[in-house]
Amino acid sequence: MYRLLRAPLRGVTYTRWLHLLVPILIVSIWLFIEPAWPWMPVLIVAPFGFLPWVRLAEGLQAQFLLAPHERGQHDGSIGTAPSVRWADRWRTVVWLEIRLVLAGLVGVCTVWLPVITLELAFTAAGSALTADVVLPFTPPRWAAVLLAPLPLVLLLVIVVLLGEAVTGIAARLLGPSAAERLTALEARTEQLLERTRIARELHDSIGHALTVAVVQAGAARAAGNADFTERALCAIEETGRAAMEDLERVLLVLRESAQPPSQRPTLADADRLLNSARASGSSVDAELSGALEKLPGPVTREGYRILQEALTNVLRHCGPVPVRVRIEAAVGRLDLEVVNPLPQGPALMTGTGGGLRGIRERAALLGGEAESGPYEGSWRVRARLPLERIR
């Protein structure tokens with residue numbers, strides 16, 4: 001009852017009313033052509049339901065007029081996609097037929113119920129129309145005063161109930177199919193995975209830049225050498241500029257900008273990481289073999305981030321120590337290994353381990369594996385990523 005009382009104040013009541021009346025235009029045009037066959041539009045509109053774009057048009061109209069609160073939502077109850085399967089086309093045909101039937105019912109009520117109210121109003125005023133249009137008899141004036149509002153109330157009730165009904169029917173017949181729901185779910189999953197990847201990249205890129213800057217600044221202060229300080233400042237500037245580029249690219253993705261994001265770094269750019277570590281004072285012995293430039297995109301990009309995080313951990317926990325890096329593009333897999341001396345003292349063994357966990361997660365997402373820990377008196381991070389399944 002409360003919803004019925006609120007109905008005249010809700011805009012959706014009138015948009016649904018308009019949606020119910022739209023098919024009357026087709027019937028009206030046909031009655032000018034052949035009034036003897038008023039049922040013919042039911043047969044005429046049926047073939048249009050098999051056209052894929054008709055479901056798209058009907059879905060947009062239904063979402064705009066029946067469920068305006070769902071505008072712009074990709075997971076709404078009413079679909080806005082063309083027909084793909086024959087089941088969707090048959091549902092569109094049924095929807096068009098139901099719309100015509102409901103339009104006829106609402107059209108009759110919209111015309112004749114106000115006419116009844118008009119007749120009763122004239123009767124209550126002590127006058128009458130030239131002829132009774134709808135009422136078969138003329139009620140007393142006192143009865144006409146009481147009965148005059150009832151047809152309009154009945155019209156409101158019919159519009160509200162049929163509006164609710166047609167909205168439910170639209171969700172059933174024009175709603176997303178199982179395949180469309182699965183596609184939307186996959187798209188949502190991809191979006192969540194993309195945001196998780198962005199968070200990892202922010203951690204790796206910015207964390208690497210800050211670690212290099214801290215190590216360089218500390219080494220320059222301890223060295224007290226002008227030439228070394230100059231080199232340290234240059235390394236900090238270069239690393240910071242690269243981090244800013246990564247940050248800007250990530251922010252573009254987060255803003256969902258129409259501009260394409262810049263190319264993410266790959267193992268072909270590994271020299272940038274190695275030179276950054278060398279500029280921090282570490283002695284880097286690198287061995288890169290295989291066609292790294294021909295690696296699949298996901299593998300080479302994630303491999304770059306794994307190498308970046310491994311070198312960051314070395315600088316963060318051990319400082320500028322000798323590092324041995326081995327990257328090999330073998331048959332069917334990519335091997336990546338970073339070995340450095342164990343940190344001296346428990347004070348250096350700090351941190352939450354988020355970087356190493358991120359390395360393992362990156363490898364697992366590609367179907368590979370990664371491990372880290374003491375190895376022959378050193379600390380080793382090793383990752384193995386498959387290539388065949390990625391291709």
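This chain uses plain numbering: 1 for the first residue, then up along the sequence.
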With side chains defined as the heavy atoms from C-beta onward, is the minimum distance between [X] and [Y] less than 4.5 Å?
X    : Y    : result
W379 : P341 : no
T117 : L113 : no
V339 : E376 : no
L365 : R362 : no
R305 : P265 : yes
L356 : R360 : yes
E58  : F48  : no
P296 : L387 : yes

Strictly distance-based, threshold 3.5 Å: is any side-chain N or O of [X] a donor or acceptor partner for the main-chain N or O of [Y]?
X    : Y    : result
T15  : V12  : yes
R55  : G49  : no
T92  : D88  : yes
D269 : T266 : yes
R16  : L66  : yes
R324 : E287 : no
T300 : L267 : yes

Rounded to the nearest 0.5 Å, how far apart are [atom1] of [X] and [atom2] of [Y]?
X    : Y    : atom1 : atom2 : value
E97  : L43  : CD    : CG    : 7.5 Å
L307 : L274 : CG    : CG    : 6.0 Å
R380 : S372 : CZ    : OG    : 10.0 Å
L60  : T80  : CG    : OG1   : 5.5 Å
T167 : I78  : OG1   : CD1   : 6.5 Å
R357 : E309 : CZ    : CD    : 10.5 Å

Should [X] and [Y] be counted in the same cluster of Ile, Leu, Val, Met, Phe, Trp and Tyr side chains packed under 4.5 Å apart?
X    : Y    : answer
W95  : I26  : yes
L18  : Y14  : no
L105 : V94  : yes
V45  : I169 : yes
L96  : W53  : yes

Where is the tightest heavy-atom contact between [X] and [Y], given as atom of each residue plus distance?
X    : Y    : result
A46  : V93  : O-CG2, 3.4 Å
A62  : H19  : CA-NE2, 4.0 Å
A213 : I236 : O-CD1, 3.7 Å
G319 : S282 : O-OG, 4.0 Å
A144 : A124 : CB-N, 3.8 Å
L152 : P114 : CD2-CA, 4.2 Å

Query raised in the report: Going through the distances and angles, do L156 and V160 end up as a side-chain contact (heavy atoms from CB on, under 4.5 Å)?
Result: CA-CA 6 Å; L156 178 64; V160 172; 4.1 Å; yes

Query - side-chain contact (heavy atoms from CB on, under 4.5 Å) assessment of I158 paired with L162 - result: CA-CA 6 Å; I158 292 174; L162 289 183; 3.7 Å; yes

Requested in this report: Could you check V284, V381, V323 and say which one makes a side chain to side chain contact (heavy atoms under 4.5 Å, CB included) with L311?
Outcome: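 Answer to the side chain to side chain contact (heavy atoms under 4.5 Å, CB included) test with L311 among V284, V381, V323: V323.
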
**Report entry** Name of the residue among I24, L20, L21 meeting side chain to side chain contact (heavy atoms under 4.5 Å, CB included) with T110
**Finding:**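 That would be L21; it is the only one of I24, L20, L21 passing the side chain to side chain contact (heavy atoms under 4.5 Å, CB included) with T110.
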
Query - Greater than 12 external heavy atoms within 6.0 Å of E369's CD - result: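 Open: at most 12 neighbouring heavy atoms sit under 6.0 Å from CD of E369.
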
Query raised in the report: Can you tell me if CZ on F64 sees more than 12 non-hydrogen neighbours from other groups inside 6.0 Å?
Result: no

Query raised in the report: Please walk me through it: do E371 and R384 pass salt bridge (Lys or Arg N to Asp or Glu O under 4.0 Å)?
Result: CA-CA 9 Å; E371 59 182 4; R384 176 170 293 180; over 6 Å; no

Report task. Verify side-chain contact (heavy atoms from CB on, under 4.5 Å) between L173 and I98, making sure each step is shown before the conclusion. Result -> CA-CA 10 Å; L173 296 178; I98 291 177; 3.9 Å; yes

Query raised in the report: Going through the distances and angles, do L174 and R91 end up as a side-chain contact (heavy atoms from CB on, under 4.5 Å)?
Result: CA-CA 7 Å; L174 298 179; R91 288 194 300 167; over 6 Å; no

Query raised in the report: How are the rings of W90 and F50 set relative to one another: parallel (under 30°), tilted (30 to 60°) or perpendicular (over 60°)?
Result: perpendicular

